[in-house]
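Atom set for the values below is all heavy atoms of this structure, side chains included, hydrogens, waters and symmetry mates excluded.
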Amino acid sequence: MNIQHIPLIKHTESGNFFLLAGPCAIEGEEMAMRIAEKLIGITDKLEIPFVFKGSFKKANRSRIDSFSGIGDEKALKILRKVSETFDVPTVTDIHTNEDAEMAAQYVDVLQIPAFLVRQTDLVMAAANTGKVVNLKKGQFMSPESMKHAVQKVLDCNNQNVMVTDRGTMFGYQDMIVDFRGIPTMQQYATTVLDVTHSLQQPNQTAGVTGGRPDMIETVAKAGIAVGVDGIFIETHFDPANAKSDGANMLHLDYFEGLMTKLVAIRKTINTF
């Protein structure tokens with residue numbers, strides 16, 4: 001997939017990696033606009049092609065009392081407002097066939113969650129909207145097996161598909177990133193590294209996922225060094241009080257410093 005096929009995306013001739021970033025979940029309009037404005041300022045300054053990310057609902061919570069969203073249409077309208085206000089593309093994840101048609105009216109990229117990437121009907125529903133489709137690699141899947149998920153999108157006459165590695169289960173409560181998988185998946189589609197979800201520590205006894213945000217810079221640098229096409233990072237101005245995945249998000253204050261380092265690494269890699 002050529003990232004120029006993502007509507008509104010900028011800086012595609014810069015030679016940089018592209019970026020999908022934003023909060024885990026849309027908690028409200030003010031927070032979404034605040035994070036988007038900061039990220040757009042950084043990515044414009046560094047000439048990074050950027051897609052704003054935000055989940056309009058969280059359907060895969062460990063506990064029934066965990067935050068799942070502010071209302072589907074309300075959150076999707078906020079994503080559309082971000083896009084219209086800042087002239088930036090948006091991505092959100094979907095969980096049902098009905099979500100695909102609904103979300104496609106508001107965002108530019110539909111994301112299939114890792115737990116659901118083998119659900120053929122869901123993948124096809126996303127592909128049939130004509131939107132760009134981002135397929136998260138299941139924590140339980142090999143990089144090689146992702147070619148079949150990609151092929152499902154292609155078979156729907158949709159060439160705009162990318163895959164995202166978000167780590168592989170290591171035991172019951174940890175994740176690892178096998179960087180050998182990136183060039184493997186690049187044989188099938190444009191490939192993204194989801195840095196923050198790769199550092200989750202799931203299945204905690206409290207029912208709240210943990211994480212290792214102290215390792216975000218390490219994993220992100222490694223991904224750029226091995227030549228990944230894009231980077232996915234969740235960020236928030238107050239991770240400790242975020243309503244979803246706060247334990248593994250990057251604090252917004254540290255975002256520009258990390259991006260500056262990654263851009264420098266990418267420039268070096270481009271010389272080889």
Side-chain angles (χ1 to χ4, degrees), residues 1-57 69-94 99-111 126 129-134 158-162 164 190 192 194-196 228-237 249-260 262-263 266-267:
M1 184 195 81
N2 189 328
I3 66 167
Q4 292 181 345
H5 293 164
I6 301 175
L8 303 178
I9 198 160
K10 302 177 181 65
H11 309 302
T12 56
E13 304 301 324
S14 66
N16 273 325
F17 55 91
F18 69 99
L19 174 70
L20 291 80
C24 178
I26 299 298
E27 301 171 9
E29 182 177 315
E30 189 277 333
M31 67 83 69
M33 299 293 280
R34 177 178 172 183
I35 294 171
E37 183 175 26
K38 181 72 171 180
L39 293 177
I40 289 162
I42 294 168
T43 54
D44 280 347
K45 177 181 177 180
L46 297 175
E47 298 187 328
I48 300 171
F50 172 59
V51 181
F52 179 79
K53 182 269 169 187
S55 296
F56 76 94
K57 69 177 175 182
I70 60 173
D72 295 354
E73 189 174 11
K74 183 178 181 180
L76 286 168
K77 285 182 176 179
I78 290 171
L79 283 166
R80 182 163 63 189
K81 184 170 183 178
V82 168
S83 179
E84 292 174 348
T85 301
F86 298 108
D87 197 32
V88 63
T90 55
V91 54
T92 199
D93 38 337
I94 61 172
D99 284 352
E101 184 177 354
M102 176 176 61
Q105 300 176 52
Y106 296 91
V107 301
D108 304 291
V109 182
L110 298 178
Q111 182 169 285
T129 65
K131 295 289 183 175
V132 177
V133 179
N134 182 24
N158 187 338
Q159 304 296 311
N160 295 321
V161 56
M162 53 186 168
T164 296
T190 299
V192 177
D194 180 345
V195 176
T196 46
V228 75
D229 301 301
I231 291 286
F232 180 112
I233 294 180
E234 289 186 341
T235 184
H236 198 287
F237 49 79
M249 279 200 276
L250 178 67
H251 197 293
L252 194 58
D253 287 350
Y254 303 141
F255 209 92
E256 182 170 357
L258 176 58
M259 290 301 109
T260 300
L262 298 185
V263 166
R266 179 60 177 250
K267 287 181 179 178

Considering all heavy atoms of both residues, which atom of V51 and which atom of T90 are nearest to each other, and what is their separation?
CG1-C, 3.7 Å

Output the distance between atom CD (E30) and atom CD1 (I78), rounded to the nearest 0.5 Å.
10.5 Å

D229 versus M162: any side-chain heavy-atom pair under 4.5 Å?
no

With K38, which residues qualify under salt bridge (charged side-chain N to carboxylate O under 4.0 Å, His left out), at least two apart?
none

For P23 against I35, the heavy-atom pair lying closest together
CB-CD1, 3.9 Å

Report the C-alpha distance between D108 and V132 in whole Å, list the side-chain angles of each, state the deciding distance to 0.1 Å, and finish with yes or no for side-chain contact (heavy atoms from CB on, under 4.5 Å).
CA-CA 7 Å; D108 304 291; V132 177; over 6 Å; no

Nearest atoms (heavy-atom pairs only) where L110 meets A100
CD1-O, 3.9 Å

Nearest-0.5 Å distance, CG of residue L258 to CG of residue D253
13.0 Å

Test side-chain contact (heavy atoms from CB on, under 4.5 Å), reference F18, set I48, I231, T12, V192, output is V192

Rounded distance (nearest 0.5 Å) linking atom NZ of K53 with atom OG1 of T235:
11.5 Å

Minimum-distance pair of heavy atoms, taken over all atoms of F56 and A103:
CE2-CB, 4.4 Å

Verdict with reasoning, M259 to K45, per side-chain contact (heavy atoms from CB on, under 4.5 Å):
CA-CA 10 Å; M259 290 301 109; K45 177 181 177 180; over 6 Å; no

Between the CZ atom in F237 and the CE atom in M249, the distance rounded to the nearest 0.5 Å is 9.5 Å

For V109 and I6 the tightest heavy-atom approach is CG2-CG2, 4.2 Å

Please step through side-chain contact (heavy atoms from CB on, under 4.5 Å) for the pair N16 and H11, ending with a clear verdict.
CA-CA 8 Å; N16 273 325; H11 309 302; over 6 Å; no

Interatomic distance, T43 atom OG1 to I9 atom CD1 [nearest 0.5 angstrom]
9.5 Å

Please walk me through it: do V82 and M33 pass side-chain contact (heavy atoms from CB on, under 4.5 Å)?
CA-CA 6 Å; V82 168; M33 299 293 280; 3.7 Å; yes

How would you list all residue pairs meeting salt bridge (Lys or Arg N to Asp or Glu O under 4.0 Å) that involve residues 1-20, not counting sequence neighbours?
K10-D87

Student check: side-chain heavy atoms of Q159 and H5 closer than 4.5 Å:
no

Would you say the side chains of N134 and Q111 form a donor-acceptor pair under 3.5 Å?
yes

What residue among F255, F232, F52 forms side-chain contact (heavy atoms from CB on, under 4.5 Å) with L19?
F255

Atom pair OH (Y106) and CD (E84), whose distance is rounded to the nearest 0.5 Å:
11.0 Å

Any donor-acceptor pair under 3.5 Å from T129 side chain to A104 backbone:
no

Which atom pair, heavy atoms only, marks the closest approach of T92 to G54?
OG1-O, 2.7 Å

